[in-house]
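Written below as structure tokens is the structure these notes are about.
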Amino acid sequence: MSGGGWRSTDVEPRLDHREARALFLALADEQLPAPQEQAVRSHLDGCEECRQGWDRYARTVERVRSVEREKAPPALASLVASRVRRQRRFGLKGLHLAHAQHRFPVEILIPLLLAAAVGAFLLMSS
């Protein structure tokens, strides 16, 4: 039986691998309700693959938490804030226009490559 719904019954819900792994973040943050936490821990007790995955995940979370936090320079913070405001003002259209300035359309590239190939062929054959 899959633990899709969490009903308060006497039977402990059983999790599959995907469900257990999906709860790793909440387990690491200690935000799981007791029945769900017990279900994840029970799965980890019986599943070597998920237990190894949890060990790697927990070590990674601890390493990230131990890194000293840095504050962004004020210039960077204001630059990011202004770009966010601009994106909100223009919405998706503005985002598309911003990317269009730095993008080379494929429709132009193919004829240019063909022209270059024909030109190279004509130069070599003459």
Side-chain angles (χ1 to χ4, degrees):
M1 149 178 21
S2 178
W6 296 98
R7 295 180 221 136
S8 58
T9 61
D10 293 337
V11 178
E12 181 180 298
R14 304 285 300 159
L15 300 177
D16 62 23
H17 301 295
R18 184 181 48 80
E19 292 167 331
R21 290 178 184 147
L23 296 173
F24 280 3
L25 175 63
L27 182 64
D29 289 341
E30 298 175 354
Q31 294 182 346
L32 282 179
Q36 285 181 324
E37 181 179 349
Q38 182 57 41
V40 172
R41 296 215 182 265
S42 294
H43 180 82
L44 293 175
D45 288 342
C47 178
E48 181 66 25
E49 180 183 346
C50 288
R51 185 173 42 253
Q52 289 175 357
W54 166 249
D55 290 341
R56 286 190 306 271
Y57 186 85
R59 283 193 310 270
T60 302
V61 168
E62 286 304 314
R63 286 181 188 141
V64 169
R65 287 180 179 164
S66 70
V67 172
E68 184 178 333
R69 291 181 182 233
E70 294 289 332
K71 188 169 183 163
L76 176 63
S78 64
L79 177 67
V80 169
S82 68
R83 286 190 181 179
V84 168
R85 281 192 298 274
R86 188 176 344 132
Q87 183 178 350
R88 284 182 184 160
R89 191 174 333 131
F90 295 113
L92 292 177
K93 182 179 178 185
L95 184 63
H96 173 70
L97 292 175
H99 288 298
Q101 296 172 0
H102 307 288
R103 191 174 54 178
F104 197 77
V106 175
E107 296 87 349
I108 295 172
L109 183 63
I110 293 172
L112 288 176
L113 288 174
L114 283 173
V118 168
F121 175 77
L122 291 175
L123 281 174
M124 295 174 115
S125 65
S126 60

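Predicted, not measured: the structure shown is a model, and the values here were computed from it.
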Where do Phe24 and Tyr57 come nearest, in terms of heavy atoms and distance?
-> O-CE2, 3.6 Å
Say you draw a straight line from CG of Leu44 to CZ of Arg21; how long is it, rounded to the nearest 0.5 Å?
-> 10.0 Å
So, the side chain of Glu19 versus the backbone of Asp16: is there a donor-acceptor pair under 3.5 Å, distance only?
-> yes
Would you say the side-chain atoms of His43 pair up with the backbone N or O of Ala20, donor to acceptor, closer than 3.5 Å?
-> no
Heavy-atom side-chain proximity of Trp54 to Val40 below 4.5 angstrom = no
d(Leu32 CG, Gln38 CD) to nearest 0.5 Å is 11.5 Å
State which residues pass side chain to side chain donor-acceptor pair (under 3.5 Å) with Arg56; sequence neighbours excluded, sorted by chain then number.
-> none
The side chain to side chain donor-acceptor pair (under 3.5 Å) partners of Arg65 (sequence neighbours excluded) come to Asp29
Lys/Arg-Asp/Glu bridge criterion (N-O < 4.0 Å) met for Arg51, Glu48 | yes
